[in-house]
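Just below is one structure, and these are the notes that go with it.
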Amino acid sequence: MRPNIVSEAGLQTRLGQWWESIPFLTSAVVGVCGTIYLICLLVGYDSFYEICFLPSAVLSRFQVYRIFTSIIFHGSVLHVLFNMMALVPLGSELERIMGSVRMLYIIFLLAISNALFHLTIALLVAYNPIHSDPYLMNECAIGFSGILFSMIVIETSLSGHQSRSVFGLFNVPAKWYVWILLVVFQVVMSNVSLLGHLCGILSGFAYTYGLFNFLIPGPSFYSTIEASSLFSTCVRRPKFILCTGGNPSAFIPTYSSQGTASSGFSAGSIWRNLSSWIPQRETSAQSAQDGHMFPGRGRTLGSGRNTASDANSESNLQVRLLDNSNSEHPSDMAVIGTGQQLSDGRY
C-alpha cells in the first residue's frame, strides 16, 4: 500500500518539494516577476514604454529607474515562463555557492553593468562617423534574459566542463556555448533584443575575469546586512542561504579544463524537471529512498540515477573553490545579470 500512497500524492508532494528546494532569492525573483506579469495582464497594461530600458530616455531624461524596472517586466506568458524556468536551476546553483545577500548585490551590480554596456554600444552605433544609426537608441527592451545570459557565462566558468549540451541536441565546446545560444535565440525567436543578450554576455565575462573585483565588498559587508534587524525575517527563512554558508572565497573563478559534458541551460534539463513532477504508478523501495534525497538538490529533481554524477560534480566544484580561496587576489564571488527583450516589438 505504501507505493500507492506515494504515487497518488506524488505530483503535489513533488511540486512542494521542488518549490521548497529553491533558495530564497531565486524563488523571490520568480515570485516577483510572475506576480508583476499577472497584474499587468489583469489591468491590461501592455505598452511597457514607461518602464523598459530605453537608452534615449535614460540619457536625455536621466530615467535610471529603467535599469531595474526593465528586468522584472515581461512581454508575454511564454517570455516570463521560459525566463523563470531557466532562472530556477541557474539561480539556485549560484545562490547556494555565494549566499542570498551576495547574489542580490551581484544582480544589482550586473544590472547596472548591462545598462552601461547597452548605452555605450547604442551611442557608438548612433554617433560613429562612419555609419550612424539611431535605431538602438530607441530600442525598448524588457525581460530577465540578459541576466540569464550573464548567469550562463558564470555557471559555465564555475562548472569547469569542456563541453555543453545545446537543448539536449548536440554538444559544443564550453567556450562557444553562450555564443551559440545567442545566435540560436536570435534566429528562432522573433523580436528578441540582440543587444540586451549581448550585454548580458559581456557583463558575465567581465565578472568572470575579475573586472568587477574592486566593486565587490568583503564578507563582513554581507554579514552586517544579514545581522541587521531589517532583514531578520528573511534570514530566519529556512530557504535563506547565509554568505558564510556559501563560498568563503572571494576570488572570481576562471575557466578550468575538466572534460565532462554538462546539460546546463538546455531544454532537456527543463523537460526532466517537468517530467519528474508526474506521479508514477509503481514506486520501488530504491526509488522511494532516492526520493528522500530530493530536498536540497538544485539541478535535477527526483532523478536517482544521476546521484553519483551529481556528487562527483559537486565535489569537483568544492575542490576548485577551495583552491581559489588560496589565491593571491581575493574578492567576493558574485553573479549578475539584466534581461532585455523588445517592448515595442514584444516577444
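Just so it is clear, the values below take in all heavy atoms, side chains as well, and ignore hydrogens, waters and symmetry mates.
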Quick one: do [X] and [Y] end up in the same hydrophobic cluster if we chain Ile, Leu, Val, Met, Phe, Trp and Tyr together by side-chain heavy atoms under 4.5 Å apart?
X	Y	answer
Val192	Val183	no
Tyr65	Phe48	no
Ile51	Leu42	no
Val187	Trp179	no
Val77	Leu38	no

What is the minimum heavy-atom distance between [X] and [Y], and which atoms define it?
X	Y	value
Ile67	Ala111	CG2-O, 3.5 Å
Phe53	Val58	CE1-CG2, 4.0 Å
Gly146	His197	N-CD2, 4.3 Å
Leu54	Glu139	CD1-O, 3.7 Å
Ile22	Val88	CD1-CG1, 3.8 Å
Ile107	Met151	CD1-CE, 4.4 Å

Has [X] got more than 12 heavy atoms of other residues, nucleotides or ligands less than 6.0 Å from its [atom1]?
X	atom1	answer
Tyr127	OH	no
Phe231	CZ	no
Trp19	CH2	yes

Practice prompt. Take Glu155 and Arg164, measure what salt bridge (Lys or Arg N to Asp or Glu O under 4.0 Å) needs, and give me the verdict at the end.
Written response: CA-CA 11 Å; Glu155 192 272 341; Arg164 307 303 297 264; 3.0 Å; yes

Going by heavy atoms in the side chains, are [X] and [Y] under 4.5 Å from each other?
X	Y	result
Leu198	His118	no
Thr156	Val178	no
Phe221	Arg102	no
Cys243	Pro219	no
Glu50	Tyr45	yes

Would you find a donor on one side and an acceptor on the other, under 3.5 Å apart, between the side chain of [X] and the backbone of [Y]?
X	Y	value
Ser56	Asn138	no
Ser203	Cys199	yes
Ser92	Pro89	no
Asn83	Val80	no
Ser223	Ser220	no
Tyr177	Val172	no
Thr35	Val32	no

Worksheet entry | Partner of Tyr207 under side-chain contact (heavy atoms from CB on, under 4.5 Å), chosen from Leu109, Leu215, Ile154 | Ile154

What's the spacing between [X] [atom1] and [Y] [atom2] if we round to 0.5 Å?
X	Y	atom1	atom2	answer
Ser100	Phe240	OG	CZ	4.5 Å
Thr26	Leu90	OG1	CG	9.5 Å
Phe185	Leu194	CZ	CG	13.0 Å
Ile39	Phe73	CD1	CZ	8.5 Å
Arg237	Ser27	CZ	OG	7.5 Å
Leu195	Asn114	CG	CG	10.0 Å

Worksheet item: Does the ring center of His74 lie less than 6.0 Å from the ring center of Tyr37?
Response: no

Practice prompt. Please work out whether the ring planes of Phe205 and Tyr209 are parallel, tilted or perpendicular, with thresholds of 30° and 60°.
Written response: parallel

